[in-house]
Number of protein chains: 2
Amino acid sequence: MPDAIESDQDMDVAHSEVLELGIPVACRSCQARHGVVCGALSSTQLRELGRHSLRRKIDAGCEIVAQGSESSFYSNIMRGVVKLCKVMPDGRQQIVGLQFAPDFVGRPFVRESTLSAEAATDAEICVFPRNLLDRMISETPELQRSLHDQALKELDAAREWMLTLGRRTAEEKVASLLYLIATHAEPQTATSTAFDLPLSRAEIADFLGLTIETVSRQMTRLRKSGVISIENFRHIVVPDMDELEKKISA
Amino acid sequence: MPDAIESDQDMDVAHSEVLELGIPVACRSCQARHGVVCGALSSTQLRELGRHSLRRKIDAGCEIVAQGSESSFYSNIMRGVVKLCKVMPDGRQQIVGLQFAPDFVGRPFVRESTLSAEAATDAEICVFPRNLLDRMISETPELQRSLHDQALKELDAAREWMLTLGRRTAEEKVASLLYLIATHAEPQTATSTAFDLPLSRAEIADFLGLTIETVSRQMTRLRKSGVISIENFRHIVVPDMDELEKKISA
DNA sequence: GCCGGCAGTTGATCTAGATCAAATCGTGAT
DNA sequence: ATCACGATTTGATCTAGATCAACTGCCGGC
């Protein structure tokens, strides 16, 4: 298990290391990629934020924020996929969201997190101190607006998944997830799409409210019906996205 | 089926009627009840909003916003319960949220609604023209902030329901819903609580991703185990909220 | 008071998906 | 190359909840 970012000490150490090395810890690259946070800030603010923020590589499986913990930072995803998880005391677990670059991670205005955020793939994030960003949010309506927009987007997504969880069959669920990932992954031609699954079968099951066996069966079902082809477990090819979409029936 | 609010014509007519009658269509009562919108506005803004807004009684079952439609207004719930629904082309249906006074209804910045909002009980709402409120949102960071807060609250709720839909048993689901309603309903003593269900068995089923038969069976199960008692289908008494909470196992 | 219809309950059966139990496949260490 | 182990697939059963089918209780109209 890779180590988690557990406290601001952890971050501060890393940060000062970087400063000592004289590496520019700027957020300009975020802006270049239209990072949710950085796109809304003036260049003065960007410079200040850059001085106190930190770009950080995260291994797959590393926890960014733990459920029930108080986190003193926010992040912006620069690369990779982050999964948001809720677990019950008895161990049952549900993934309640997937986030991709350049999404913002963290719940503004509330310190304690009701869910954990964990890198699903190797990832890179830009870490901001909570206090500083909270101040900038209050001072910058445009930033507030950006984050509000993202919250609404996530809300729409969450509700779409509620429909999937509550009312779709196992096959429709798996097709929905493949469709979601395909449309958020990079390399797609006109109709055909190929991508790497950022999630293991177990994680897919936890996202869809199924078991790994059912996920596996439905994947081979989709393969046998020619909607997808599977190479090396993780790599999926969708010859015709329309066919995949039909399996969702929505 | 009671008539829906279908267009701004509909609202404008009603509004001018009220104006002609000289009835003060103010939003002060919203403020008194800490309406999400009105609490964040200056008295000047409140007066302007009041001049263009409309308090309206809604019968149970009346649709406030239709899925897929373009709505030219927002509302604030003043009394009653509103359910947010998604339906699939084949008729399968999922309730994706319940809203109580003084929640805000409508998706800021996006005209087309991906879900329908329908009064679950007789209700009263305060209706605002979209253009005016959008302008006020951009001009008033505090209002933006209020709406952002509500969006985050709804997001938390949606994710909590994702866990319920994906990983809880039928009995836990029903207990969760009763608990949700009990904690949002009014009259509760120290531990014991009594309330009217704002939802029919069919609606509960659509909320929990179950069938009405299963909901009914689980309700009688909870009744027989002494956790709740049921009078007249709709009226529920929970002698001990802790017992109900235990059934949720979270 | 009687009738009709809808909402809810209860019962009998069926099935999608869970659970239990082996195979395989892949990958990284030796 | 070989081994070991975790991830995945596949197969055989089991079961929670769906489906199908009565039945009951509650109004509202006549």
Side-chain angles (χ1 to χ4, degrees), chain A residues 1-2 59-61 88 90-94 120-122 164-178 196-225 228-236 247 249, chain B residues 1-2 59-61 83 88 90-94 120-121 164-178 196-225 228-236 247 249:
Chain A
M1 183 67 70
D59 290 330
M88 292 171 62
D90 62 10
R92 280 178 286 176
Q93 177 162 355
Q94 176 72 41
T121 62
D122 289 348
T164 299
L165 288 171
R167 289 300 182 202
R168 288 203 233 261
T169 65
E171 189 183 31
E172 291 171 335
K173 285 179 176 180
V174 171
S176 299
L177 180 62
L178 293 177
D196 282 310
L197 276 178
L199 302 178
S200 69
R201 298 292 185 270
E203 290 172 313
I204 294 174
D206 279 339
F207 199 1
L208 299 176
L210 300 171
T211 59
I212 49 178
E213 294 94 330
T214 301
V215 169
S216 179
R217 279 185 243 276
Q218 297 304 331
M219 298 264 295
T220 62
R221 217 164 109 86
L222 288 173
R223 177 169 56 72
K224 283 180 180 163
S225 72
I228 61 171
S229 66
I230 306 177
E231 14 235 67
N232 288 352
F233 298 134
R234 287 290 185 117
H235 194 74
I236 304 286
K247 292 289 179 181
S249 85
Chain B
M1 183 68 69
D59 291 330
K83 59 178 182 165
M88 292 171 61
D90 62 10
R92 280 177 287 175
Q93 178 163 354
Q94 175 72 41
T121 62
T164 300
L165 288 171
R167 290 299 181 204
R168 288 203 233 259
T169 64
E171 190 184 29
E172 292 170 334
K173 285 179 177 182
V174 171
S176 300
L177 180 62
L178 293 177
D196 283 310
L197 275 179
L199 302 177
S200 69
R201 298 292 185 271
E203 290 171 314
I204 294 175
D206 278 339
F207 200 1
L208 299 176
L210 300 170
T211 58
I212 48 178
E213 293 95 332
T214 300
V215 170
S216 179
R217 280 185 242 275
Q218 297 303 331
M219 297 265 296
T220 61
R221 216 163 111 86
L222 288 172
R223 178 169 54 71
K224 283 181 181 163
S225 71
I228 60 172
S229 67
I230 305 176
E231 15 235 66
N232 288 351
F233 300 134
R234 286 291 185 118
H235 194 75
I236 305 287
K247 292 287 180 183
S249 84

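Only a predicted model underlies this, so the values are computations on that prediction, with no experimental measurement involved. No hydrogens, no waters, no symmetry mates; every other heavy atom, side chains included, goes into these values.
A distance-only check finds a donor-acceptor pair linking the side chain of Asp122(A) to the backbone of Ala60(A) [under 3.5 Å]. In this structure, Lys173(A) contributes its side chain and Leu208(A) its backbone to a donor-acceptor pair below 3.5 Å. The backbone N or O of Phe207(B) lies less than 3.5 Å from a partner atom in the side chain of Gln94(B), making a donor-acceptor pair. Judged purely by atom type and a 3.5 angstrom limit, Glu172(B) has no side-chain atom pairing as donor or acceptor with the backbone of Lys247(B). With hydrogens and angles ignored, the 3.5 Å screen pairs a side-chain donor or acceptor of Arg201(B) with a backbone N or O of Phe233(B). Within the 3.5 Å criterion, the main-chain N or O of Leu210(A) finds a donor-acceptor partner in the side chain of Arg167(B).
Look at CG on Leu222(B): it is 12 Å from P on dT9(C), rounded to the nearest Å. Note: CD1 (Ile204(B)) to P (dT9(C)) measures 9 Å, nearest angstrom. Between Leu165(B) atom CG and dA16(D) atom C1' the separation is 16 Å, expressed in whole Å. Nucleotide dT15(C) holds its P atom 20 Å from the CG atom of Leu210(B), rounded to whole Å. As rounded to whole Å, 15 Å separates atom C1' of dT19(C) from atom CZ of Arg92(A). When rounded to the nearest whole Å, the span between CZ of Arg217(B) and P of dT19(D) equals 12 Å. Following rounding to the nearest Å, Glu231(A) (CD) and dT27(C) (P) show an atom-to-atom distance of 13 Å. Residue Leu208(A) contributes atom CG, which lies 13 Å from atom C1' of dG17(C) at whole-angstrom precision.
For the OP1/OP2 pair of dA18(C) and a distance below 4.0 Å, the side-chain nitrogens and oxygens of Thr214(A) include at least one atom meeting the criterion. Look at Thr211(A) and you'll find a side-chain N or O under 4.0 angstrom from OP1 or OP2 of dA18(C).
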Show me the protein contacts with nucleotides 6-8 of chain D, counting only N or O atoms at under 3.5 Å.
from	atom 1	to	atom 2	distance (Å)
dT8(D)	OP2	Arg201(A)	N	3.3

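Pairing each heavy atom of Ile228(A) with each of Met219(A), the nearest pair is CD1-O, 3.9 Å.
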Practice item. For side chain to side chain contact (heavy atoms under 4.5 Å, CB included), just list the numbers for Thr214(A) and Val174(A), CA-CA rounded to whole Å, side-chain angles, deciding distance to a tenth of an Å, and then say yes or no. Key: CA-CA 9 Å; Thr214(A) 301; Val174(A) 171; over 6 Å; no
Practice item. Take Asp196(B) and Thr121(B) through the test side chain to side chain contact (heavy atoms under 4.5 Å, CB included) and record every step on the way to the result. Key: CA-CA 10 Å; Asp196(B) 283 310; Thr121(B) 62; over 6 Å; no
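Candidate nucleotides dT19(C), dT9(C), dG11(C) were compared by shortest atom distance to the side chain of Glu213(A), and dT19(C) ranks first.
Annotation: proximity of residues 166-173 of chain A to DNA chain D (heavy atom, distance under 4.0 Å) is found for no residue.
Mapping Asn232(A) and Gln218(A) onto DNA chain C by nearest heavy atom places Gln218(A) closer to the 5' end of the strand.
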